[in-house]
Amino acid sequence: MNLPLAPHPLPGTEPVLERWMSGPRFGGLPLPEGGSPAPALSFEFFPPKTEALETQLWACIRRLETLSPRFVSVTYGAGGSTRERTHATVIRIVKETSLIPAAHLTCMGADRGEIDEIAARYWEGGVRHIVALRGDLPPGVEDVGANGYQSAVELVEGLRRVADFEISVAAYPEIHPRAASPQADLDNLKRKLDAGATRAITQAFFDSDTYLHFLDRCLAAGITAPIVPGILPVTNFAQARKFADLTGTIIPDWMARMFEGLDEDPETRRMVSLVIAAEQVRLLQANGVDEFHFYTLNRPDLTYAIAHILGVRPQVPAA
Ligand SMILES: Cc1cc2nc3c(=O)[nH]c(=O)nc-3n(C[C@H](O)[C@H](O)[C@H](O)COP(=O)(O)OP(=O)(O)OC[C@H]3O[C@@H](n4cnc5c(N)ncnc54)[C@H](O)[C@@H]3O)c2cc1C
């Protein structure tokens, strides 16, 4: 059956949640003409601990740089444990690549002055985008310190006072495990956006319906900023289960079945992983989503392949 393709709305305008929700519900595979335009991508990396991991990260950055992502982000270890490594990685991206970096910054366990200083240092180093997060205290520690920003909302407000940063924040389609209620979590997201963030990136999820329902709830709450889906291609299913337990993410039964019997077979796991993630992004794309954030885990291959399936092609020759 050949379904007529609806024209994609408003090419070239900034993606907003409203456009995703009112855009075509069914899109063809990416085609030079008539199909969905290639989506905007962003890639997340973590700062390396060793020289070998640094080499791996930079090979990953160089490969994914060719896909001209909208931005790339570098995580910040809990409680600021990677402060210098995150800074060094972000600044090297500014200096040595064509990429636009976003520095993750968490506020738990640090004084406001300290956080403001880190942000000012980023601004002086040419960094214009921060992923602003509350972060978590180490297990068992509840004292957040009186002088610190107490939440991501306060951090966003603080960053706005430091400089004119572009600010992204976190969103939880499956509700943050410590949120008082789903509504409180949604209100909190809206407050972060109202305080000056322009985009939310979601926690990784595997059940796309949950995310699409979350978009409905965001729209009903008056949120119009993009709620960019965080895509985690899973190759290590045991690790994914641990992540899901910590974050309250549902692992659908079908997904567990797909990885059944593959514990000792990494090669097949990778292929299965590619199929799962590719199906997930295609389903979201068919529902109008035109921006994706990839948790790369500093490995480029799956992300590169999924981006290719989405219609993204290299824009610059590989270095
Ligand atoms: C895209 C993305 C990137 C991330 N990057 C990092 C990173 O680089 N480094 C890192 O350490 N973490 C990172 N995280 C994890 C994040 O720091 C945690 O999920 C943290 O618990 C909440 O941060 P937030 O900015 O969403 O907080 P907020 O927006 O302040 O809170 C989110 C929700 O959680 C509730 N909540 C959070 N903590 C508590 C608490 N202690 N008690 C009661 N309610 C609470 C709030 O009420 C609210 O409903 C990331 C998460 C996402 C989705």
Side-chain angles (χ1 to χ4, degrees), residues 41-48 71-87 89-90 101-110 115 118-119 122 129-145 148-159 167-206 210-211 214 217-218 221 223 225-232 243-249 291-298:
L41 305 182
S42 53
F43 303 131
E44 183 173 306
F45 308 119
F46 62 85
F71 66 93
V72 297
S73 76
V74 182
T75 61
Y76 192 72
S81 55
T82 66
R83 179 188 300 187
E84 287 310 318
R85 277 186 281 132
T86 299
H87 188 269
T89 305
V90 170
H104 290 220
L105 183 55
T106 70
C107 57
M108 278 301 89
I115 294 289
I118 295 170
Y122 273 127
H129 186 167
I130 302 279
V131 181
L133 302 143
R134 180 184 193 277
D136 296 306
L137 287 171
V141 180
E142 281 297 329
D143 181 10
V144 297
Y149 294 116
Q150 307 289 322
S151 67
V153 176
E154 287 189 11
L155 176 59
V156 172
E157 288 166 352
L159 290 171
I167 302 174
S168 298
V169 290
Y172 302 89
E174 295 176 89
I175 322 300
H176 189 283
R178 302 203 60 178
S181 68
Q183 189 57 43
D185 208 26
L186 191 61
D187 292 345
N188 177 66
L189 172 60
K190 184 154 185 344
R191 277 201 300 278
K192 291 192 277 194
L193 294 163
D194 290 346
T198 51
R199 161 194 306 100
I201 302 167
T202 77
Q203 185 65 277
F205 57 89
F206 306 116
T210 308
Y211 166 79
F214 180 63
R217 294 183 56 233
C218 288
I223 292 172
I227 311 293
V228 180
I231 306 298
L232 175 65
F243 157 81
D245 286 347
L246 278 175
T247 56
T249 304
E291 195 171 344
F292 296 90
H293 182 80
F294 284 90
Y295 295 104
T296 69
L297 306 181
N298 295 2

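One-based numbering, in listed order, for ligands and for the atoms of each.
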Subject >> Residues Glu154, Arg134: salt bridge by 4.0 Å N-O rule >> reply: no
**OP:** Would you mind listing which atoms of ligand 1 come within a distance below 4.0 Å of any non-hydrogen atom of Ser151?
**Re:** 30 (O)
**OP:** With heavy atoms under 4.0 Å as the rule, classify the contact between His176 and ligand 1 as side chain, backbone, both or neither.
**Re:** side chain
**OP:** Check Phe45 against Thr296 and note the closest heavy-atom contact, atom names and distance.
**Re:** CD2-OG1, 3.3 Å
Original post:
With atoms numbered from 1 as shown, which atoms in ligand 1 lie under 4.0 angstrom from a non-hydrogen atom of Ala179?
Top reply: 49 (O)
Subject >> Nitrogen or oxygen atoms of His104 and ligand 1 under 3.5 Å apart >> reply: yes
**OP:** Give, for atom OG1 of Thr247 and atom CD of Glu174, the distance between the pair rounded to the nearest 0.5 Å.
**Re:** 7.5 Å
Original post:
Taking non-hydrogen atoms only, is Lys192 closer than 4.0 angstrom to ligand 1 via side chain, backbone, both or neither?
Top reply: side chain
Original post:
Quick one: does Thr86's side chain have a donor or acceptor within less than 3.5 Å of a partner on Arg83's backbone?
Top reply: no
**OP:** Below 4.0 angstrom from a heavy atom of Ala170, which ligand 1 atoms are there? Numbered from 1 as shown, please.
**Re:** 26 (O), 52 (C), 53 (C)
Original post:
What are the atoms of ligand 1, with element, lying closer than 4.0 Å to any heavy atom of Tyr172?
Top reply: 16 (C), 18 (C), 19 (O), 22 (C), 23 (O), 24 (P), 26 (O), 51 (C)
**OP:** Can you see which heavy atom on Ala171 is nearest to which on Pro173, and at what distance?
**Re:** O-CD, 3.6 Å
Original post:
Parallel, tilted or perpendicular: which fits the ring planes of Phe294 and Phe43, with parallel below 30° and perpendicular above 60°?
Top reply: tilted
Original post:
At their closest point, which heavy atom of Ile130 faces which heavy atom of Leu105, and how far apart are they?
Top reply: CG2-CB, 3.9 Å
Original post:
With a 4.0 Å cut-off on heavy atoms, is Gly135 touching ligand 1?
Top reply: yes
Original post:
Numbering the atoms of ligand 1 from 1, which are under 4.0 Å from a heavy atom of Tyr295?
Top reply: 1 (C), 2 (C)
**OP:** Measure the spacing between CZ of Phe214 and OG1 of Thr210 and express it to the nearest 0.5 Å.
**Re:** 11.0 Å
**OP:** Could you list which atoms of ligand 1 come closer than 4.0 Å to a heavy atom of Ala78?
**Re:** 11 (O)
Original post:
Which residue from Asp136, Thr106, Asn188 reaches closest to atom 32 (C) of ligand 1 through any of its heavy atoms?
Top reply: Asn188
**OP:** Using the side-chain hydrogen bond (donor to acceptor under 3.5 Å, both in side chains) rule, take His104 and Thr75 through it: C-alpha gap first, then chi angles, then the decisive distance, then the call.
**Re:** CA-CA 5 Å; His104 290 220; Thr75 61; 5.6 Å; no
Original post:
Got an N/O contact under 3.5 Å between Ile201 and ligand 1?
Top reply: no
Subject >> Those atoms of ligand 1 less than 4.0 Å from some heavy atom in Thr75 >> reply: 8 (O)
Subject >> Atom indices of ligand 1 within 4.0 angstrom of Gln203 heavy atoms, with elements >> reply: 53 (C)
